[in-house]
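Have a look at the structure below before the remarks.
Just so it is clear: chains get the letters A, B, ... in the order the sequence lines come, proteins before strands, and each one is counted from 1.
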2 protein chains.
Amino acid sequence: MAGPRTRAVDRRPPGRRRASHSLDAVLTAAVELLDEAGDSALTFRALAARLGTGVGSIYWYVTSKDDLLDRATDHVLAGVLTAVEGQPGTDDPIADLRVMAVTLFDAIVDRPWLAAYFMRNTDVQGNSLLLYEKLGQQTLRLDLTPKERFHAVSAIVGVVVGTAADLGQDPPEEVVSGAVDRAEFLARYAATWRAADPDQFPFVSQIADEFAGHDDREQFLAALDLTLAGLRLQAGGEVGQPGHE
Amino acid sequence: MAGPRTRAVDRRPPGRRRASHSLDAVLTAAVELLDEAGDSALTFRALAARLGTGVGSIYWYVTSKDDLLDRATDHVLAGVLTAVEGQPGTDDPIADLRVMAVTLFDAIVDRPWLAAYFMRNTDVQGNSLLLYEKLGQQTLRLDLTPKERFHAVSAIVGVVVGTAADLGQDPPEEVVSGAVDRAEFLARYAATWRAADPDQFPFVSQIADEFAGHDDREQFLAALDLTLAGLRLQAGGEVGQPGHE
DNA sequence: CGGATTTATCGAACAATGTTCTATCGTCTG
DNA sequence: CAGACGATAGAACATTGTTCGATAAATCCG
């Protein structure tokens, strides 16, 4: 969406001889750590411990933590990409866009750490670029100017990543520790909001109940559908079936 | 949007006597540091140096760095809120929503560090909540269900923060150092994309030029307008003037 | 007034982390 | 066999956020 940062040259050995660890092993272990305990769990020392090697060794495959994260993201994105490519596809480009966006969203829900490094990982290369292309190809089937296509894809990716990032935050420790479950946690908030003076806070007090029974996925779909409705309008509206629930 | 994290109790002295530093001074200095050199510039040591105090003293006003950031954000958001409140307001709620969203976006452009801590700062309280309310009040003028209102506001905030966060990333060091200016930097990317095989990358190669002359604000407005168009449709469309350029 | 309590400050110490550096080992290659 | 190179290991360093105890200054209270 914006611009890349300089990348490390790939110093991976061509014929892997008998290396005890490959870049792939490093990346896999890194993803494991991230999956298991999130963002903060991925440290060079923890990674080295899991691989059974020294800290310094990792730097032979990777030039920095940023680099590690970039590659780990790309590693995972490969799977997302094939998932997206495996989707059937209809005669309605916007419906297809929707399916792809949802797939991407689900992938981020599965791996919340992806969200953070999706925004930061501005290097539009590798699988990230391929995904971008895949989305963009749907817009080619719409009656839009190139600029409108560009903006449409940006907007959709923005909705996905924006919503998912919000969701990717590690919940407060009370919830993690299991002391309070998510429902009660939300309910507590809702209570605060409902208690707000309806004259001064008409919206918040009306919305309190929605917030309590609040479903992230539903919220995402609502945002996505608003954007897609706008897009359908922009594309002339005559393409495909208008109302898709 | 999601949930809060536990907050520190306010131990600020009621009558400030002759304290050499107040919470306000700490927050102001923190914001200065963030404004001057961004995210990474705000360290407790740098902050202490600027205040002419010791590191430990800051912990009397603030319980952690998260807390510091939360308060600093809220501090700044106060200004944004009054800016939003100062806006005239028309008979078209959606137009008003647009103006407010743009104002918020501009604030984040001015202070890119806001974006990061806008998503993380899930404690929907203080000025953040007030802003939420302010946006929501516009939706009360639309023919929507409470749930739809909730989703609408979430979607709009998502667009603002999502786009702004993307933009808030510190650009690669080449650009910062002035070695390459932004235009050339983007052009370099565009070149890569344009060189892509048009058969395999029809979208990216078509879009390359748009990306080169790419304007963040324009991109944001495009995304916002898609969402608002969808919202207008959802609200029945008969409210206010339909096409607003 | 004088001790005690609260308010506020300071900087040394700690633990964790990313990163660098040097030493070393093994496997090819000539 | 000797040197080069691929690869590894871990000690050392700088920079973080955070904790702690010592201590001063203000305030309160009897």
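- With sequence neighbours left out, the ring pair (Phe, Tyr, Trp, His ring centres under 6.0 Å) criterion links F201(A) to no other residue.
- For dT8(D), neither phosphate oxygen OP1 nor OP2 lies less than 4.0 angstrom from any side-chain nitrogen or oxygen of T53(A).
- Rounded to an integer number of Å, the gap from L51(A) CG to dT8(D) P is 10 Å.
- With sequence neighbours left out, the side chain to side chain donor-acceptor pair (under 3.5 Å) criterion links S57(A) to no other residue.
- Annotation: side-chain contact (heavy atoms from CB on, under 4.5 Å) contacts of A190(A) (sequence neighbours excluded): R194(A), A212(A).
- Residues forming a salt bridge (Lys or Arg N to Asp or Glu O under 4.0 Å) with D106(B) (at least two apart in sequence, or on another chain): R217(B).
- For E133(B), the side chain to side chain donor-acceptor pair (under 3.5 Å) partners at least two apart in sequence or on another chain are Q137(B).
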Each nucleotide N or O in nucleotides 15-22 of chain C that has a protein N or O under 3.5 Å away: list the pair and distance.
{"from": "dG18(C)", "atom 1": "OP1", "to": "K65(A)", "atom 2": "NZ", "distance (Å)": "2.4"}
{"from": "dG18(C)", "atom 1": "OP2", "to": "F44(A)", "atom 2": "N", "distance (Å)": "3.1"}
{"from": "dG18(C)", "atom 1": "N7", "to": "R45(A)", "atom 2": "NH1", "distance (Å)": "2.9"}
{"from": "dG18(C)", "atom 1": "O6", "to": "R45(A)", "atom 2": "NH2", "distance (Å)": "2.7"}
{"from": "dT19(C)", "atom 1": "OP2", "to": "Y59(A)", "atom 2": "OH", "distance (Å)": "3.1"}
{"from": "dT19(C)", "atom 1": "OP2", "to": "K65(A)", "atom 2": "N", "distance (Å)": "2.8"}
{"from": "dT19(C)", "atom 1": "O5'", "to": "Y59(A)", "atom 2": "OH", "distance (Å)": "3.3"}

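- Ring geometry, Y59(A) versus F44(A): the interplanar angle falls under 30°, so the pair is classed parallel (tilted spans 30 to 60°).
- For the pair L47(B) CG and dG11(C) P, the interatomic distance rounds to 14 Å; values are reported in whole Å.
- Across the protein-nucleic acid pair, W60(B) atom CH2 and dG17(D) atom P stand 21 Å apart, rounded to whole Å.
- With rounding to whole Å, L23(A) atom CG is found 15 Å from dG6(D) atom C1'.
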